[in-house]
J.: 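The structure follows.
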There are 2 protein chains.
Amino acid sequence: MSGVSSSPSAYFDAASTAPLHPVARQALTAALDEGWADPARLYRSGRQARMLLDAARETVAEVLGARPDEVSFTAGGTQAVQLGVLGALRGRRRTGRHLLHSAVEHSSVLHTAERHAADGGEAESVPVDRLGRVDPARFAAAVRPDTALAVLQSANHEVGTVQPVAETAELLGGVPLLVDAAQSAGRLPVPHGWSLLTASAHKWGGPAGVGVLAVRKGTRFNSALPADEREGGRVPGYVNVPAIVAAAASLRAVRDGAAAENARLHALVERIRREVPRLVPEVEVVGDPVGRLPHLVTFSCLYVDGEVLLTELDRAGFAVSSGSSCTSSTLTPSHVLAAMGVLTEGNVRVSLPAGTTAAQVDRFLTVLPELVARVREPLGLDLPAPAPAPAPAAQRTLVLDELGKRCPLPVIALARRIGEVAPGGLVAVLSDDEAARLDIPAWCQMRGQEYGGEAPAADYGGDRGTAYLVRRTD
Amino acid sequence: MSGVSSSPSAYFDAASTAPLHPVARQALTAALDEGWADPARLYRSGRQARMLLDAARETVAEVLGARPDEVSFTAGGTQAVQLGVLGALRGRRRTGRHLLHSAVEHSSVLHTAERHAADGGEAESVPVDRLGRVDPARFAAAVRPDTALAVLQSANHEVGTVQPVAETAELLGGVPLLVDAAQSAGRLPVPHGWSLLTASAHKWGGPAGVGVLAVRKGTRFNSALPADEREGGRVPGYVNVPAIVAAAASLRAVRDGAAAENARLHALVERIRREVPRLVPEVEVVGDPVGRLPHLVTFSCLYVDGEVLLTELDRAGFAVSSGSSCTSSTLTPSHVLAAMGVLTEGNVRVSLPAGTTAAQVDRFLTVLPELVARVREPLGLDLPAPAPAPAPAAQRTLVLDELGKRCPLPVIALARRIGEVAPGGLVAVLSDDEAARLDIPAWCQMRGQEYGGEAPAADYGGDRGTAYLVRRTD
């Protein structure tokens, strides 16, 4: 079949933004007519907007397990995180300025933590395991007397791992916990134990421009932005009633249908998790295979430039995203994959929107192996195993100068040329691409070679960068 | 005609929010289909969203007189002001922490100034004249070597007075000027001289949830919020492309039609300015009669509770707003009216949306006098002039204990009973309502009585509050 490029396209990037839910669109259109006025005004159209806003707040509160007066609407998930984290830190300033978060939080949390540290506070990142999962005891052990706030996501946005939020919350000894539920709200029940909760409507099929910040009664909070009387003093500025109405209506709709849709998507993702390693050589599927989001799976392909693979997939009609270091939107490897210690090379995140069909997934599984093979072909690697060339007995150490070359070139050079040293011999890969620090050890683990750590590249004749040492085992 | 309450309603509160422009609605609907994806993504739907975003940015930049790369979209006007003011202050921190603004800026500016001061900075408010107008020389005279930023609105949101922005900018000696153009963008050209410019789409007929922050190339700026790579690093969070597209399309549409519509609305407002004082006794029309916004007029009615009048107008089908101290949404008198030194009592702001008809204005002018008379009727005041009762020769000073009574009751008591003292005699009005401080002098000015200043209420037997002294002249 040559019809790949003309096939109907499939949007597999729901974790970035979900297509607008039909209920959201209907509600938005209606609310543009009925709820366009300023809900702070006392005249008829203002009161009408206020009633719609109140009803939306009750809906969102009920679905998320909060009281209506605990729920404020923000301009989006990032604003909810920023106002939530900074507001809680300000509210607990007398306790201290220590902020605790997992290493795999969304960038909005990490950026806020960096800002807090730059402003004289302290931010501590708690490591995760190879599945991207926080260990509750380890997380709680980082609590100190001056810990003002802990932040933990409900589930990871890049690899789908569900975090043990309730178990962790129980161990925090009264330190308030902000739960970033952006990836799970609408799909899964909100976990117990939050003091602050954040979410983003466009991730569940609502419109862009609406986030949720819920603050449990009794939680100290002091707005980080100049406050006004809107949204309980937590979120300043005019309230976008039509979009909030649409957000609430779609949240209710997706939650009502979540049980059935989750089961369906879970099975489709299971299929991808199982088939991709069978169909594509040299692939690592990452994230927790059991405690995971129903709709999301991520894998990394050795010897593949993620951006090139994404472009090929786009041409074939598939919209996916990547945490790879090789996509133009980020210059450094995904901090999530780095924290997990997994391969960042050729990374593909597939996140299925509601309504994804088995046929679309089938086609993806048909197309993907061809595309990966096409991307790898010019490299001339004899996959799955590079052919060991007979090495001169004298050559015990091979230096590969990959300085100035971006990933995945250093790993490709290593794979192509490790056969030139005899078993027991050493390859020193000189690189100044940060991704090599993650990908060379990951390659060794996948290929059964022995990773020997780092040394200054200067020790091997390089003028800058790092030497990554690999001992050939086979 | 008894059909007042069943007459079609007229929305006269465009300064709070303008009804959605038909072009905005069309563009929003189309962009929900075409521009729903994440514009930061590289796949087809992401690129399409990016193209729409780029085109919207070019449109807004062109209409506002900026370069596209100077324009960032925010979640609204308040966010634009907050990020603009705080970002400019951070960017100029080495110069100093002195912030200058007019006394009649929008509350988002004043709240941000208060926050800046609470955080160790300094904020200075420059007075305005009785028309609400800044004097450029006086404003510029407040500049100091450590002045980091000056803020001046293009036009006042409560009384419509257009500020001399360009003249002021020329006198600032290089201090960057943030111009809050929320009330004029879409209606009038943006004045020259800004270094930062803010606006709000729902004020010009665009959707809620979109603001504009433009930062002139070369202006130092350091985001006050944790930044990401969105919107030039000035505004964090997911970009709401459909709403931005609608905002840009409607900005273009209203600007294209502004010349004709402004002239029409200007004449309607002129009619209200002329007729209201003729039809309603004891009214003060405030704001600059010449250098004013085309669509906005504000007046204050003596002896009237603003909230009651707004309720009556609402029942008659008119949605208007009020800066009166007596509306439930504010507990203190409008800072704008207070800074101007005009009457705050019974305040009504009429702001006409595009398309307002002469018939609607006619009906307003018919209904208003009846409603004001109805509200005043129970007071038993013999308007326009209170009947002077023959005063006992001995009574040289009358004390009116209005402690615990809200405006307009203290002024009403004064008007009702001043006749009890002889010409030359003194009335001491004891009040603990802040509005009295503004309204009693304003009443004296309107009624030709002599205001004698303040004294402690204790001097006149009060247990708290202030005595406002009025000498009867006639």
Side-chain angles (χ1 to χ4, degrees), chain A residues 9 11 13 16-17 19-20 25 28-29 32 36-38 40-46 74-79 82 107-108 111-116 200 202 207-211 224-229 236-243 307 310-311 313-314 317-321 327-329, chain B residues 9 11 13 16-17 19-20 25 28-29 32 36-38 40-46 74-79 82 107-108 111-116 200 202 207-211 224-229 236-243 307 310-311 313-314 317-321 327-329:
Chain A
S9 62
Y11 179 76
D13 197 19
S16 285
T17 193
L20 193 65
R25 181 185 280 260
L28 180 63
T29 304
L32 287 173
W36 59 274
D38 184 345
R41 297 297 173 193
L42 300 175
Y43 43 72
R44 193 177 321 228
S45 51
T74 71
T78 293
Q79 196 191 33
Q82 293 184 343
S107 58
S108 61
H111 289 149
T112 307
E114 285 160 19
R115 171 55 63 97
H116 176 61
S200 172
H202 75 94
V210 181
L225 283 179
D228 55 25
E229 70 279 10
Y238 188 76
V239 181
N240 187 351
V241 174
E307 185 170 339
L310 258 56
T311 304
L313 282 165
D314 177 42
F318 292 98
V320 300
S321 136
T327 58
S328 66
S329 59
Chain B
S9 62
Y11 179 76
D13 197 19
S16 285
T17 193
L20 193 65
R25 181 185 281 259
L28 180 63
T29 305
L32 287 173
W36 59 275
D38 185 345
R41 298 297 174 193
L42 301 175
Y43 42 73
R44 190 177 323 226
S45 53
T74 71
T78 293
Q79 196 191 34
Q82 293 185 344
S107 58
S108 61
H111 289 148
T112 307
E114 286 159 18
R115 171 55 63 96
H116 176 61
S200 171
H202 74 93
V210 180
L225 282 179
D228 54 26
E229 70 279 11
Y238 188 76
V239 180
N240 187 351
V241 175
E307 185 170 340
L310 259 55
T311 304
L313 282 165
D314 177 43
F318 292 97
V320 299
S321 136
T327 58
S328 66
S329 60

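Quick note on labels: first sequence line is chain A, next is B, and so on, each numbered from 1.
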J.: Using 30° and 60° as the class limits, which term best fits the ring planes of A:Tyr43 and B:Tyr11: parallel, tilted or perpendicular?
T.: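 Rings of A:Tyr43 and B:Tyr11: perpendicular, as their planes differ by over 60°.
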J.: Counting only non-hydrogen atoms closer than 4.5 Å, does A:Pro207 touch chain B with its backbone (N, CA, C, O), its side chain (CB onward), both, or neither?
T.: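 Neither part, no heavy atoms under 4.5 Å.
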J.: Provide the closest heavy-atom pair for B:Leu42 versus A:Asp314 in the form atom of the first, atom of the second, distance.
T.: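 For B:Leu42 and A:Asp314, the tightest heavy-atom pair comes out as O-OD2, 4.2 Å.
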J.: If we define contacts as heavy-atom pairs under 4.5 Å, which of B:His202, B:His116, B:Gln79 has the most with chain A?
T.: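 Ranked by heavy-atom pairs under 4.5 Å with chain A, first place is B:His202.
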J.: Measure the spacing between CG of A:Leu225 and CZ of B:Arg115 and express it to the nearest 0.5 Å.
T.: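 Going from CG on A:Leu225 over to CZ on B:Arg115, the span is 7.5 Å.
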J.: Which atoms form the tightest heavy-atom contact between B:Ala208 and A:Tyr238, and what is the distance?
T.: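 Minimum heavy-atom separation between B:Ala208 and A:Tyr238: CB-CE2, 3.9 Å.
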J.: Mind listing the closest non-hydrogen atom pair of A:Asn240 and B:Gly209 along with its distance?
T.: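 A:Asn240 and B:Gly209 have their closest heavy atoms at ND2-CA, 3.7 Å.
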J.: Please report the closest heavy-atom contact between B:Ala37 and A:Thr17, naming both atoms and the distance.
T.: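 Taking every non-hydrogen atom into account, CA-CG2, 4.0 Å.
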J.: Between B:Gln82 (side chain) and A:Pro226 (backbone), is there a donor-acceptor pair under 3.5 Å?
T.: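 Pair found, side chain donor or acceptor close to backbone of A:Pro226.
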J.: Do you know which of B:Ala224, B:Ser45, B:Ser108 has the most heavy-atom pairs under 4.5 Å to chain A?
T.: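 Highest number of pairs under 4.5 Å: B:Ala224.
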J.: Less than 4.5 Å apart, side chain to side chain, heavy atoms only: is that true for A:Arg41 and B:Ser321?
T.: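 A:Arg41 vs B:Ser321: side chains touch.
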J.: State, with a plain yes or no, whether a side-chain heavy atom of A:Pro236 is found less than 4.5 Å away from one of B:His111.
T.: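 They are not in contact (no side-chain heavy atoms under 4.5 Å apart), so the answer is no.
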